[in-house]
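Note that the coordinates shown come from a computational prediction; the quantities given were computed from them, not determined experimentally.
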Amino acid sequence: MKYTQLGRTGLKVSRLVLGTMNFGPQTDEAGSHAIMDAALDAGINYFDTANVYGWGENKGRTEEIIGNWFAKGGERRDKVVLATKVYGNMAADGNAWPNHDKLSAVNIRRAVDASLKRLRTDYIDVYQFHHVDRRTPFEEIWQAIDVLVQQGKILYVGSSNFPGYKIAQANEIAARRGGTIGLVSEQCLYNLAERRAEMEVIPAAQEYGLGVIPWSPLHGGLLGGVIKKEVEGGRRAGGRAAAALADTAIRAQVQSYEDLLDKHGVEPGETALAWLLTRPGVTGPIVGPRTAEQLDSALRAVELELSEDLLTGLDEIFPGPGPSPEAFAW
């Protein structure tokens, strides 16, 4: 495994981030523990989750599965850089009691303590804001965070799904307060097929020293060889990938992508991950394996070297927006 610093911090993390969203809904506890053991054995030390994972009436279940894994000992907790998130409505029926969601100081305090209990740990390495809270000022948010840092309950703070201007606003207010490190990472939707983050989010993250953690690196499976799987095994795409392939222009684009990779003798999913690892500002993409085999495929991406010819071909098929601000202006 290869490692890098998380943004401007001294924290060293793996170039792949283990996403746990499938733990509980799609992978049972025993299978989830096996995947976490395999990830740790392979050198992945950055694990990402969220308080709402488990979904519906099982919100919080994913954190519980991770907590039970930590409780097995073997230095599991000490070896893991643990990231979780706050913002979501934790009510099973979606009807949150007032102040039981978003980023008010009272909910941040409540949510941290609940996550710590489920995770069976006394601290969270990277506590992430899962979404922008348009009603709560950052002065209030940072005051709540400062208390939690002083209490030793969290060490660093990150954002997720933030636009560039909110990254700037959050860190400028943190700087004015003094003594607050501010955001150190941003999780955003970013992959070959979805490159809008290059316009503002990634430039803002680089300017303020945030590590970029792309989620959905295969764009819901669209970049994982979906057409080839249809042809060879009769396995039809589902979810976001199926909806995208219904568009004939997108299907042609994905076919060109798969044809290009066949020409170079590389696998689609591994290439999509490896491409992200070449992108400026990217710390590491989140991989969310449901099985040990999917984890093995992701691990191969870390060692995959993409030729300049292949990178050029990928840009031709999936052109980015171009540099900012030129992408906006001309």
- Message: Please find the pair of heavy atoms, one from Leu223 and one from Ala272, that lie closest to each other, and give the distance.
- Response: CB-CB, 4.0 Å
- Message: The test is side chain to side chain contact (heavy atoms under 4.5 Å, CB included); show your working for Glu230 and Leu245 and say whether it passes.
- Response: CA-CA 12 Å; Glu230 280 184 2; Leu245 288 178; 4.1 Å; yes
- Query: How far does OG1 of Thr9 sit from CG of Leu210, to the nearest 0.5 angstrom?
  - Reply: 10.0 Å
- Query: Of the non-hydrogen atoms in Thr20 and Thr62, which two are nearest, and what is the gap between them?
  - Reply: O-CG2, 3.2 Å
- Query: Hey, does the side chain of Lys102 reach the backbone of Gly88 with a donor-acceptor pair shorter than 3.5 angstrom?
  - Reply: no
- Can you check whether Asn45 reaches Lys79 side chain to side chain, under 4.5 Å on heavy atoms? no
- Message: Measuring only between side-chain heavy atoms, which start at C-beta, is Arg196 closer than 4.5 Å to Pro321?
- Response: no
- Message: How long is the straight-line distance from CD1 of Ile66 back to NE2 of His33, given to the nearest 0.5 Å?
- Response: 8.5 Å
- Task: Keeping the roles fixed (side chain from Ser32, backbone from Thr27), state whether a donor-acceptor pair exists under 3.5 Å.
- Result: yes
- Full working for side chain to side chain contact (heavy atoms under 4.5 Å, CB included) between Ile213 and Trp215: CA-CA 7 Å; Ile213 313 293; Trp215 61 266; over 6 Å; no
- For Val212 and Pro214, the nearest pair of non-hydrogen atoms, with its separation, is O-CD, 3.4 Å
- Could you tell me whether the side chain of Leu299 reaches within less than 4.5 Å of the side chain of Ile44, counting heavy atoms only? yes
- With sequence neighbours excluded, tell me which residues meet side chain to side chain donor-acceptor pair (under 3.5 Å) with Lys153. Asp113
- Query: How about Gln294 and Val287: do any of their side-chain heavy atoms sit closer than 4.5 Å?
  - Reply: no
- Query: Leu277 versus Lys2: any side-chain heavy-atom pair under 4.5 Å?
  - Reply: no
- Would you confirm whether Tyr257, through its side chain, and Phe318, through its main-chain N or O, come within 3.5 Å as a donor-acceptor pair? no
- Message: Less than 4.5 Å apart, side chain to side chain, heavy atoms only: is that true for Glu29 and Glu64?
- Response: no
- Query: Within a strict 4.5 Å, meaning less than it, do heavy atoms of the Asn107 and Asn99 side chains meet?
  - Reply: no
- Evaluate the side chain to side chain contact (heavy atoms under 4.5 Å, CB included) criterion for residues Asp48 and Gln187: first the C-alpha distance (whole Å), next the side-chain angles of each, then the deciding distance (0.1 Å), finally the verdict. CA-CA 10 Å; Asp48 177 78; Gln187 273 192 32; 2.6 Å; yes
- Task: Give the minimum heavy-atom separation between Ile35 and Leu295, together with the two atoms involved.
- Result: O-CD2, 3.8 Å
- Query: Looking at side-chain heavy atoms only, is the closest gap between Gln151 and Leu148 below 4.5 Å?
  - Reply: yes
- Nearest 0.5 Å, what's the OG-CG distance between Ser185 and Leu6? 5.0 Å
- Query: What residues, two or more places apart in sequence or in another chain, satisfy salt bridge (Lys or Arg N to Asp or Glu O under 4.0 Å) together with Arg120?
  - Reply: none
- Message: Is it true that Gln150 and Asp146 share a donor-acceptor pair across their side chains at a distance under 3.5 Å?
- Response: no
- Query: Can the ring centroids of Phe23 and Tyr53 be said to lie less than 6.0 angstrom from one another?
  - Reply: no
- Task: Going by the side chain to side chain contact (heavy atoms under 4.5 Å, CB included) test, name the single residue among Asp133, Val132, Asn161, Asp101 that passes it with Tyr87.
- Result: Asp133
- Query: Quick one: do Ile154 and Trp142 end up in the same hydrophobic cluster if we chain Ile, Leu, Val, Met, Phe, Trp and Tyr together by side-chain heavy atoms under 4.5 Å apart?
  - Reply: yes
- What distance separates Leu103 CG from Ile145 CD1, expressed to the nearest 0.5 Å? 8.5 Å
- Does Met21 belong to the same Ile/Leu/Val/Met/Phe/Trp/Tyr cluster as Met90, with side-chain heavy atoms less than 4.5 Å apart forming each link? yes
- What residues, two or more places apart in sequence or in another chain, satisfy side chain to side chain donor-acceptor pair (under 3.5 Å) together with Asn22? Gln26
- Item | Enclosure of Lys72 NZ (heavy-atom neighbours >12, cutoff 6.0 Å) | yes
- Message: Hydrophobic clusters here meaning ILVMFWY residues chained together by side-chain heavy-atom distances under 4.5 Å, can you tell me if Phe162 and Val86 are in one?
- Response: yes
- Any donor-acceptor N/O pair, Gln253 side chain to Ile317 backbone, under 3.5 Å: yes
- Query: Can you tell me if CZ on Arg110 sees more than 12 non-hydrogen neighbours from other groups inside 6.0 Å?
  - Reply: yes
- Mind checking the CD-NZ spacing from Glu200 to Lys166? Nearest 0.5 Å is all I need. 13.5 Å
- Item | Shared hydrophobic cluster for Tyr46 and Leu119 (ILVMFWY, side-chain gaps under 4.5 Å) | no
- For side chain to side chain contact (heavy atoms under 4.5 Å, CB included), just list the numbers for Leu304 and Glu267, CA-CA rounded to whole Å, side-chain angles, deciding distance to a tenth of an Å, and then say yes or no. CA-CA 10 Å; Leu304 183 60; Glu267 293 297 319; over 6 Å; no
- Query: Between Arg77 and Asp122, is the closest basic N to carboxylate O distance under 4.0 Å?
  - Reply: no
- Hey, quick one: are Ile181 and Tyr127 part of the same hydrophobic cluster, counting side-chain heavy atoms closer than 4.5 Å, chains of contacts allowed? no
- Message: Assess whether a salt bridge exists between Glu63 and Lys117, defined as any Lys/Arg side-chain N lying under 4.0 Å from an Asp/Glu carboxylate O.
- Response: no
- Residue Glu305 excluded, over 12 heavy atoms near CD under 6.0 Å: no
- Donor-acceptor pair, side chain of Ser14 and main chain of Leu16, under 3.5 angstrom: yes
- Task: Assess the side chains of Asp37 and Trp69: does a donor N or O sit below 3.5 Å from an acceptor N or O?
- Result: yes
- For Lys59 against Asn89, the heavy-atom pair lying closest together: NZ-O, 2.5 Å
- Task: Evaluate the salt bridge (Lys or Arg N to Asp or Glu O under 4.0 Å) criterion for residues Lys228 and Glu258: first the C-alpha distance (whole Å), next the side-chain angles of each, then the deciding distance (0.1 Å), finally the verdict.
- Result: CA-CA 8 Å; Lys228 184 177 181 179; Glu258 294 187 13; over 6 Å; no
- Message: Just verifying a value: how many Å separate Ile108 CD1 and Thr136 OG1, rounded to the nearest 0.5 Å?
- Response: 7.5 Å
- Okay, side chain of Arg76, backbone of Gly73: is any donor-acceptor separation there less than 3.5 Å? yes
- Task: Check for a donor-acceptor pair, side chain of Glu140 on one end and backbone N or O of Ala105 on the other, with a separation under 3.5 Å.
- Result: yes
- Message: Please find the pair of heavy atoms, one from Gly221 and one from Ala241, that lie closest to each other, and give the distance.
- Response: C-CB, 4.2 Å
- Message: Is the positively charged end of Arg8 above the ring of Tyr208, judged by distance under 6.0 angstrom from the centroid and angle within 45° of the axis?
- Response: no
- Task: Would you mind checking if Glu194 and Arg240 are paired as a salt bridge, meaning a charged N to carboxylate O distance below 4.0 Å?
- Result: no
